[in-house]
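Below is one structure, written out as structure tokens, with a few remarks after it.
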Amino acid sequence: MSLENVEIETPENFDFLSVIHSHPWAWLEPFDWDEEKKELRRIERFQDGKVVKLLITQKGDKLIVKVDGNSEATEIRARVRWMFRMDDDLSEFYEVCSHNHKLAPAIGKGRILRSSTIFEDIVKTLCTTNLRWRQIVPMVARLVTQLGTPIARKPEYHAFPTPAQIAGVDEEFLRKKIKMGYRADYILEFARNVKDGKFDPNKLRFMGSEDAYKTLKSIKGVGAFSSAYILMLLGHYDYIPVDGYAKSFVSNEFYDGKEVDSKEIYEIFNSYGKWKALAFWFYEGR
DNA sequence: TTCCAGGGGTAGA
DNA sequence: TCTACCCATGGA
């Protein structure tokens, strides 16, 4: 095992801690956030099947990636850049924020952490619906440790399972061993479709938001909320993920506690145009 | 025991 | 397009 460092220069207005705290992904395996060291651990499986441990910290205007294992620096850079949204241009969003005191604190923020594959982000979103957070964390941990490839000499660390690894078990396994409940059926069907080439998550990268929304919603188990959530991870912000939390926030902030639905939420944030979901996500007090 | 969680599918209107 | 109803899990 070798231990090497890969350094990546951060773009202007890059806030490492804001990416970590943008949503709860950093607390879901195979991520793990060390609050004391301010270090993000990520177990990553590469094209050739090799699994390595990445330890990511910020030092000045660079991200330092300690790599435990042998892998290509180029590939590591590409994946870290993708996960940390380092190529996102948010200058237009910050311009919008500068005209609203409730959004001024969002300047420098707006990069929402994502997994290295869209497949993983979709599976994780399916896992998070209709459950309490303390149930989601162990469920995802079971999925990763029981199905993901371990690091050869450190079998306690596992990468996120591939579509083939999930597709290789039956629904009973996902229900009983991973304790996914009714989600087992959805996740299994999705993994099998990806494995068989019937659904290619990477095509979502090149779609406009409307097409991507329709495509995501066609996945069984992915509804309006999850589609909008995944769209944010893809970098499209014109659909707002409306859930119970969104309703209660908008109700208290804008409607004096009166019950609201999607329609009222969009009425508030429509003025932000293609940035509406990001404006909603980083609105002060949310 | 009962309730509920930062939902979604389906049937029926 | 909208609504009612059901779906499981496990902690409080």
Side-chain angles (χ1 to χ4, degrees), chain A residues 18 20-29 31 33 106 109-110 112-115 121-147 166 169-193 199 210 212-234 237 239-255 257-269 276-286:
Chain A
S18 155
I20 298 297
H21 293 280
S22 56
H23 73 143
W25 257 212
W27 286 264
L28 282 183
E29 292 284 348
F31 282 117
W33 172 244
K109 299 182 182 174
I112 302 174
L113 183 69
R114 58 189 168 197
S115 310
D121 278 340
I122 293 175
V123 171
K124 279 182 170 164
T125 304
L126 276 165
C127 288
T128 60
T129 56
N130 207 19
L131 279 181
R132 285 189 174 89
W133 187 245
R134 58 175 172 270
Q135 291 169 266
I136 296 166
V137 174
M139 183 202 286
V140 172
R142 283 190 293 272
L143 183 69
V144 170
T145 54
Q146 295 194 38
L147 294 179
I166 296 179
V169 299
D170 58 18
E171 194 187 321
E172 185 75 2
F173 180 88
L174 294 179
R175 277 181 187 273
K176 303 294 178 198
K177 298 289 183 189
I178 313 296
K179 297 182 181 173
M180 290 184 143
Y182 65 92
R183 299 164 198 82
D185 178 34
Y186 302 149
I187 287 169
L188 191 57
E189 183 178 320
F190 175 61
R192 287 183 174 165
N193 282 338
F199 189 98
E210 203 175 320
Y213 182 83
K214 281 181 194 159
T215 305
L216 286 165
K217 216 156 168 298
S218 73
I219 301 168
K220 215 189 224 176
V222 177
F225 166 83
S226 299
S227 298
Y229 199 95
I230 298 160
L231 272 183
M232 290 209 306
L233 299 180
L234 288 164
Y237 307 106
Y239 292 85
I240 299 171
V242 175
D243 56 11
Y245 192 95
K247 286 178 187 170
S248 103
F249 167 70
V250 172
S251 159
N252 292 325
E253 182 78 20
F254 300 97
Y255 289 92
K258 183 183 147 279
E259 202 173 308
V260 301
D261 214 328
S262 300
K263 190 166 158 274
E264 287 83 6
I265 295 176
Y266 274 92
E267 273 170 12
I268 295 296
F269 288 95
K276 59 175 82 75
L278 214 49
F280 163 74
W281 202 253
F282 288 93
Y283 203 86
E284 187 181 84
R286 210 200 67 84

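Basis for what follows: all heavy atoms, side chains included, without hydrogens, waters or symmetry-related copies. Below, chain A is the first sequence line, B the second, and so on; all start at residue 1. Treat the numbers as computed from the prediction; the structure is a model and nothing was measured.
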Euclidean distance for P, C:dC5 against B:dG6 (whole angstrom): 24 Å

Spacing between A:Arg183 atom CZ and B:dG7 atom P, to the nearest angstrom: 10 Å

Touch class at under 4.0 angstrom, heavy-atom based, for A:Phe249 against every strand present: nothing

Touch class at under 4.0 angstrom, heavy-atom based, for A:Leu126 against every strand present: nothing

Touch class at under 4.0 angstrom, heavy-atom based, for A:Lys220 against every strand present: sugar-phosphate

Candidates B:dG6, C:dT9, B:dG7 - which lies nearest the side chain of A:Asn130: B:dG7

Touch class at under 4.0 angstrom, heavy-atom based, for A:Phe225 against every strand present: sugar-phosphate

Sugar-phosphate only, base, or nothing, as touched by A:Arg134 at under 4.0 Å among non-hydrogen atoms: sugar-phosphate

Between C1' of C:dT9 and NZ of A:Lys177, the distance in whole Å: 17 Å

Side-chain touch A:Arg183/A:Met139, heavy atoms, less than 4.5 angstrom: yes

Integer-rounded Å distance: C:dT1 P and A:Lys263 NZ: 15 Å

Distance flag, aromatic centroids of A:Phe225 and A:Tyr229, threshold under 6.0 Å: yes

Phosphate contact (B:dG6 OP1 or OP2) by A:Thr129 side-chain N/O below 4.0 Å: no

Same-atom distance (P) from C:dA8 to B:dA11, integer angstrom: 16 Å

Of A:Val222 and A:Trp281, the one whose closest DNA chain B nucleotide lies more 5': A:Trp281

Side chain of A:Arg132 - closest among C:dA8, C:dG10, B:dG8: C:dG10

Min side-chain heavy-atom separation A:Ile112-A:Leu278 under 4.5 Å: yes

Protein-nucleotide distance (A:Met139, atom CE; C:dG10, atom P), rounded to Å: 8 Å

Pi stacking test for A:Tyr245 and B:dG6: under 5.5 Å apart, planes under 30°: yes

Integer-rounded Å distance: B:dG7 C1' and A:Gln135 CD: 14 Å

Aromatic centroids of A:Phe269 and A:Trp281 separated by under 6.0 Å: no

Touch class at under 4.0 angstrom, heavy-atom based, for A:Thr128 against every strand present: nothing

Touch class at under 4.0 angstrom, heavy-atom based, for A:Val242 against every strand present: nothing

Side-chain N or O of A:Lys179 closer than 4.0 Å to phosphate OP1/OP2 of C:dG10: yes

Audit row: A:Tyr283, A:Phe254, ring-ring contact (aromatic ring centres under 6.0 Å, His included) steps and yes/no: CA-CA 12 Å; A:Tyr283 203 86; A:Phe254 300 97; 5.5 Å; yes

Validation row: A:Lys124, A:Trp25 side chains within 4.5 angstrom (heavy atoms): yes

Side chain A:Tyr186 and base B:dG7 donor-acceptor under 3.5 Å: no

